[in-house]
Amino acid sequence: QVQLVESGGGVVQAGGSLRLSCAASGETFSKYAMAWFRQAPDDEREFVAAISRAGGTTYADSVKGRFTITRDNAKNTVFLEMNNLKLEDTDTYYCAAGEAFWMVVAGTGVGYWGQGTQVTVSS
């Protein structure tokens, strides 16, 4: 059993920054690849960023250069630093965990999902 709880969402002006956090409860957090996805009503789920057990990262083209994913295994937490936010970044952001990095990136190997945190970017 692993539970994921996101926090840090809110309303920010375009060009601003936010840091999302995902706190995991459960043993052996370091064995999981972690990822962030986002989804709005009437839209499909979109991959945002992922980090492997070893710290390797990959990003969606839409956020590359603006977002940074990191993890702190000692605190069982993964972060998403979002800079230069755009109106198009408005979404509910979900934390995800799974054992196989590229399967997590694809969304087909996610074992655990958080409840989501809302990010709204205003002009």
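Everything numeric here is computed off the predicted structure, so don't read it as measured data.
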*Measure from the side-chain N and O atoms of Thr77 to the backbone N and O of Lys75, and report whether any donor-acceptor pair falls under 3.5 Å.*
yes

*What pair of heavy atoms forms the shortest contact from Leu20 to Gly9, and how long is it?*
CD2-N, 3.6 Å

_The test is side-chain contact (heavy atoms from CB on, under 4.5 Å); show your working for Arg66 and Lys86 and say whether it passes._
CA-CA 10 Å; Arg66 299 188 297 119; Lys86 303 177 179 179; 3.8 Å; yes

*Test the Arg71-Phe29 pair against the cation-pi criterion, namely NZ or CZ under 6.0 angstrom from the six-membered ring centroid and within 45° of the ring axis.*
yes

_Nearest-0.5 Å distance, CZ of residue Arg53 to OH of residue Tyr32_ = 10.5 Å

_To the closest 0.5 Å, what do you measure between CD (Glu81) and OG (Ser21)?_
9.0 Å

*Separation of Gln13 CD from Ser122 OG (nearest 0.5 Å)*: 5.5 Å

*Main-chain N/O of Ser25 paired to Asn76 side chain as donor or acceptor, under 3.5 Å*: no

*Under a 4.5 Å side-chain heavy-atom rule over Ile, Leu, Val, Met, Phe, Trp and Tyr, are Leu87 and Val11 clustered together?*
no

*What is the minimum heavy-atom distance between Leu85 and Met82, and which atoms define it?*
CD2-CB, 3.8 Å

*Is the closest side-chain heavy-atom distance between Val105 and Thr58 below 4.5 Å?*
yes

*asked:* Test side chain to side chain donor-acceptor pair (under 3.5 Å) on Ser17 and Asn83; report intermediate values, then the result.
replied: CA-CA 4 Å; Ser17 300; Asn83 299 311; 2.9 Å; yes

*Of all residues at least two apart in sequence or in a different chain, which pass the ring pair (Phe, Tyr, Trp, His ring centres under 6.0 Å) check with Phe37?*
Phe47, Trp113

*Candidate pair Trp36 and Ile51, rule side-chain contact (heavy atoms from CB on, under 4.5 Å), full reasoning*: CA-CA 9 Å; Trp36 289 94; Ile51 185 166; over 6 Å; no

*asked:* Which heavy atom of Met34 sits nearest to which heavy atom of Ala97, and what is that distance?
replied: SD-CB, 3.5 Å

*Side chain to side chain, Gln39 and Tyr93, heavy atoms closer than 4.5 Å*: no

*Specify the closest pair of heavy atoms between Tyr59 and Thr68, including all atoms of both residues, with the distance to one decimal.*
OH-CA, 3.3 Å

*Side chains of Val78 and Ile69: closer than 4.5 Å at any heavy-atom pair?*
yes

_Would you say CD of Gln115 has more than 12 non-hydrogen atoms from neighbouring residues, nucleotides or ligands within 6.0 angstrom?_
no

*Does any non-hydrogen side-chain atom of Val48 lie less than 4.5 Å from one of Tyr94?*
no

*Let me know which of Thr92, Asp89, Thr90 forms a side-chain hydrogen bond (donor to acceptor under 3.5 Å, both in side chains) with Arg38.*
Asp89

_Are the side chains of Val2 and Leu4 in contact, using a 4.5 Å heavy-atom criterion?_
yes

_Tell me the closest heavy-atom pair linking Glu46 and Ser62, and the distance in Å._
OE2-OG, 3.3 Å

*Side chain proximity check, Val5 to Cys22, heavy atoms < 4.5 angstrom*: no

*So, for Val104 and Gly109, which heavy atoms are closest and what is the spacing to 0.1 Å?*
CG2-O, 3.7 Å

